[in-house]
Protein chains: 2
Amino acid sequence: MTTPRTWSIAELADEFDITHRTLRHYEAQGLLAPERRGQVRIYHRRDRTRLALVLRGRRLGFALDEIRTIIDMYDEQPGEAGQLTYLLSQIEDRRRDLEQRRRDIEDSLRELAEVERRCQEDLRTLN
Amino acid sequence: MTTPRTWSIAELADEFDITHRTLRHYEAQGLLAPERRGQVRIYHRRDRTRLALVLRGRRLGFALDEIRTIIDMYDEQPGEAGQLTYLLSQIEDRRRDLEQRRRDIEDSLRELAEVERRCQEDLRTLN
DNA sequence: CGATCACTTGACGTTAACGTCAACGTAAAG
DNA sequence: CTTTACGTTGACGTTAACGTCAAGTGATCG
């Protein structure tokens, strides 16, 4: 039997190319909650996964507290029907947001391609 | 012959649901450069278009100075071959960035769909 | 002609997301 | 046993992107 792997703060910081300050900040914001061995933080695979989600949210330009509510949606254990329908409405909001972003991105990519085309054409006429 | 339409700061702010402060801020950052009739700003269709690009960049989570360099890429009139190849490399960087974001978004959408599915299943078992 | 808009500049305030010390604990290594 | 490495908690600093006054200007309306 193998003991499940854990990480120190420096190991996680290295792997994801962030600082320990960032990790402590995320913890202070309630995004992570690593185990404590005395004073020292021990990150489990679960923390690692959450961190990856946080960083993806960050790449997408979400604020940290938005990210928290999103992530909390994922591993919530919902009880009653009211909470479930509320969660579903939240999901709808998120989906709309993400789909708007996707449209924005695809528009941007199309326009980039157009600029690139003109660029290469200009380059050819220079030769 | 119809005179081309222009906008006041309030009209643009209303239309795009931002404040005049935001518009002045974008101008201070070099993102917009409306005409001046005396002291007063007159926005032309060109400014309107740039504003739309800025706001799209903002929705995508870009910083304002990134947005400026991106937008400047669009309506630059490049002369020599060196600048053209440099511009092409910039375009490549942007494209990579945007494609990463698109992947992130599609992953997020997939996971959202999964959470939604489980939610609706839970709802059914409650009935 | 005084009031009311719509607009202007200037300057300081605010929030988020960390950066950057300072000062301390602790465990292994020489 | 002291140095070194790695970790910890404050606490204040910084930057971006505006918000929020305050105080003034110019056109128009009754």
Side-chain angles (χ1 to χ4, degrees), chain A residues 3 5-44 47-48 50-72 94 97 101 104, chain B residues 3 5-44 47-48 50-72 94 97 101 104:
Chain A
T3 41
R5 163 116 209 238
T6 65
W7 290 264
S8 76
I9 193 170
E11 286 169 338
L12 266 197
D14 269 29
E15 176 175 357
F16 288 95
D17 198 32
I18 56 182
T19 70
H20 65 296
R21 181 66 179 87
T22 300
L23 279 166
R24 299 206 300 102
H25 184 57
Y26 290 168
E27 183 174 348
Q29 302 304 308
L31 291 165
L32 301 174
E35 189 202 339
R36 293 298 183 109
R37 190 106 66 208
Q39 297 271 73
V40 177
R41 276 164 257 253
I42 310 277
Y43 294 86
H44 293 254
D47 303 306
R48 217 180 86 96
R50 282 182 75 97
L51 176 58
L53 287 177
V54 171
L55 294 179
R56 191 179 68 190
R58 192 178 72 164
R59 283 197 302 273
L60 290 176
F62 286 106
L64 290 188
D65 62 340
E66 294 181 279
I67 295 179
R68 184 180 43 213
T69 68
I70 298 175
I71 293 187
D72 288 348
R94 278 301 143 204
D97 187 326
R101 282 161 193 257
D104 284 338
Chain B
T3 42
R5 163 118 209 236
T6 64
W7 289 265
S8 76
I9 193 170
E11 286 169 338
L12 265 197
D14 269 28
E15 176 176 355
F16 287 96
D17 198 31
I18 56 183
T19 69
H20 65 295
R21 181 66 179 87
T22 300
L23 279 167
R24 298 206 300 102
H25 184 57
Y26 291 168
E27 182 175 347
Q29 302 304 309
L31 292 165
L32 301 174
E35 188 204 338
R36 293 300 182 107
R37 191 106 64 208
Q39 297 270 76
V40 177
R41 277 165 256 254
I42 310 276
Y43 294 88
H44 293 255
D47 303 305
R48 218 180 86 97
R50 281 182 77 97
L51 176 57
L53 287 176
V54 171
L55 294 179
R56 190 178 69 190
R58 192 178 72 165
R59 285 197 301 273
L60 291 177
F62 286 106
L64 290 187
D65 61 341
E66 294 181 279
I67 295 179
R68 184 180 43 212
T69 67
I70 299 174
I71 293 188
D72 287 349
R94 279 300 143 204
D97 187 326
R101 283 162 193 256
D104 285 338

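No experiment lies behind these values; they were computed from the predicted model shown. By convention in this document, chain letters (A, B, ...) are assigned in the order of the sequence lines, proteins followed by strands, and residues within each chain are numbered from 1.
For Arg59(A), the salt bridge (Lys or Arg N to Asp or Glu O under 4.0 Å) criterion is met by Asp104(B), not counting sequence neighbours. With sequence neighbours left out, the side-chain hydrogen bond (donor to acceptor under 3.5 Å, both in side chains) criterion links Thr19(A) to Thr22(A). In this structure Arg50(A) satisfies the side-chain hydrogen bond (donor to acceptor under 3.5 Å, both in side chains) test together with Asp72(A), Asp75(A), sequence neighbours excluded. Not counting sequence neighbours, the partners of Arg58(B) by the side-chain hydrogen bond (donor to acceptor under 3.5 Å, both in side chains) test are Tyr26(B).
Summarising the geometry of Glu35(B) relative to Arg37(B), their closest heavy-atom pair is OE2-NH1, 3.3 Å, with the distance given to 0.1 Å.
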Generate the contact string for nucleotides 10-26 of chain D. Rules: B means base contact, S means sugar-phosphate contact only, - means no protein heavy atom under 4.0 Å.
BB-----BBBB------
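For DNA chain D, the neighbouring residues in residues 7-17 of chain A, judged by any heavy atom under 4.0 Å, are Ser8(A), Ile9(A), Ala10(A).
Within 4.0 Å (heavy atoms only), Arg36(B) reaches sugar-phosphate atoms of the nucleic acid but no base atom.
Inter-residue side-chain proximity for Leu64(A) and His25(A) is flagged as met; some heavy-atom pair is nearer than 4.5 Å. Residues Arg41(B) and Arg24(B) have side chains in contact (heavy-atom distance under 4.5 Å, counting atoms from C-beta outward).
The distance from the CD atom of Gln29(B) to the CZ atom of Arg68(B) is 6.5 Å, given to the nearest 0.5 Å.
Not one side-chain nitrogen or oxygen of Arg41(B) sits closer than 4.0 Å to the OP1 or OP2 atom of dC7(C).
Spacing between atom CD of Glu35(A) and atom C1' of dT8(D) amounts to 16 Å, rounded to whole angstrom units. Computed from coordinates, the Ile42(A) CD1 to dC6(D) P distance equals 15 Å when rounded to whole Å.
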